[in-house]
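Below is one structure, written out as structure tokens; the observations come after it.
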Amino acid sequence: MGGRALVLFAHGARSASWAAPFERLRDMVAARAPDVDVSLAFLELMSPRLPERVADLAAKGVDDVTVVPVFLGQGGHVLRDLPLLLDEMRLAHPGVAIRAVGAVGEDPDVLRAMTDYCLSSLPSPLA
């Protein structure tokens with residue numbers, strides 16, 4: 001059977017509204033990859049947590065999971081917590097290839113888009 005999945009991995013927060021932009025991102029990614037199971041998972045404070053989401057995917061027969069940290073930087077959560085979670089999930093699901101890429105905010109194209117947005121916020125100079 002098999003199948004591919006893309007899990008957008010975010011921190012999580014106490015306020016449900018915090019997840020709204022991540023949900024929009026998930027929906028936009030899913031719309032462009034209809035053959036991939038695209039979902040959100042969280043480090044803490046929200047569900048599903050990453051190990052729980054990967055367990056659900058493995059139970060559905062998914063055998064290839066890519067985790068995308070939707071963090072601006074490679075802070076402690078990405079550098080310390082995520083590798084430990086990956087090791088645990090690989091042990092728990094030996095038939096599933098589980099990989100993670102760098103934090104989305106470290107990508108040069110993402111940084112260029114953010115730069116454009118920041119600069120576009122400036123008021124136009126008066127003529």
Original post:
Just one of Val104, Val68, Thr66 clears the side chain to side chain contact (heavy atoms under 4.5 Å, CB included) bar with Leu8, so which one?
Top reply: Val68

Original post:
Do Val36 and Ile98 sit in the same hydrophobic cluster, where Ile, Leu, Val, Met, Phe, Trp and Tyr count as joined when their side-chain heavy atoms come under 4.5 Å apart?
Top reply: no

Original post:
Is Val110 reachable from Phe22 through a run of I, L, V, M, F, W or Y residues, each pair having side-chain heavy atoms under 4.5 Å apart?
Top reply: yes

**OP:** Determine the minimum heavy-atom distance between Gly3 and Val62, stating which atoms define it.
**Re:** O-CG1, 3.4 Å

**OP:** Find out if a path of hydrophobic residues (ILVMFWY) with successive side-chain heavy-atom gaps under 4.5 Å connects Met46 to Leu25.
**Re:** yes

**OP:** For Arg4, look at atom CZ and say whether over 12 heavy atoms of other residues, nucleotides or ligands are found less than 6.0 Å away.
**Re:** no

Subject >> Between CZ on residue Arg49 and CD on residue Glu44, distance to nearest 0.5 Å >> reply: 7.0 Å

Subject >> Closest non-hydrogen atom pair, Ala100 against Leu82 >> reply: CB-CD2, 3.9 Å

Subject >> Single-linkage hydrophobic cluster Val38~Leu40, side-chain heavy atoms < 4.5 angstrom >> reply: yes

**OP:** Taking the side chain as every heavy atom from C-beta outward, state whether Arg53 and Asp37 have any pair of such atoms under 4.5 Å apart.
**Re:** yes

Original post:
Going by heavy atoms in the side chains, are Thr115 and Leu119 under 4.5 Å from each other?
Top reply: yes

**OP:** Compare every heavy atom of Gly12 with every heavy atom of Trp18, then report the nearest pair and how far apart it is.
**Re:** CH2-N, 3.1 Å

Original post:
Once you round to the nearest 0.5 Å, how far does CD of Glu88 lie from CG of Leu50?
Top reply: 10.0 Å

Original post:
Got a sec: does the CG of Leu72 have more than 12 other heavy atoms crowding it under 6.0 Å?
Top reply: no

**OP:** Group every Ile, Leu, Val, Met, Phe, Trp and Tyr by side-chain heavy-atom contacts under 4.5 Å, then state whether Val65 and Leu43 land in the same group.
**Re:** yes

Subject >> Rounded distance [0.5 Å steps], CZ in Arg32 versus CG in Asp27 >> reply: 14.0 Å

Subject >> Atom CZ of Arg99 with >12 non-hydrogen neighbours under 6.0 angstrom >> reply: yes

Subject >> Nearest heavy atoms of Met89 and Pro51, plus distance in Å >> reply: SD-CA, 3.7 Å

Original post:
Once you round to the nearest 0.5 Å, how far does CD of Glu52 lie from CG of Leu57?
Top reply: 11.0 Å

Subject >> Shortest non-hydrogen contact between Ala58 and Val96, atoms and distance >> reply: CB-CG2, 3.9 Å

Subject >> Ala31 versus Pro34, closest heavy-atom pair with distance >> reply: O-CD, 4.0 Å

Original post:
What class does the angle between the rings of Phe9 and Phe71 fall in, given that below 30° is parallel, 30 to 60° is tilted and above 60° is perpendicular?
Top reply: tilted

**OP:** Check whether any side-chain heavy atom of Pro69 sits under 4.5 Å from a side-chain heavy atom of Val101, and report yes or no.
**Re:** yes

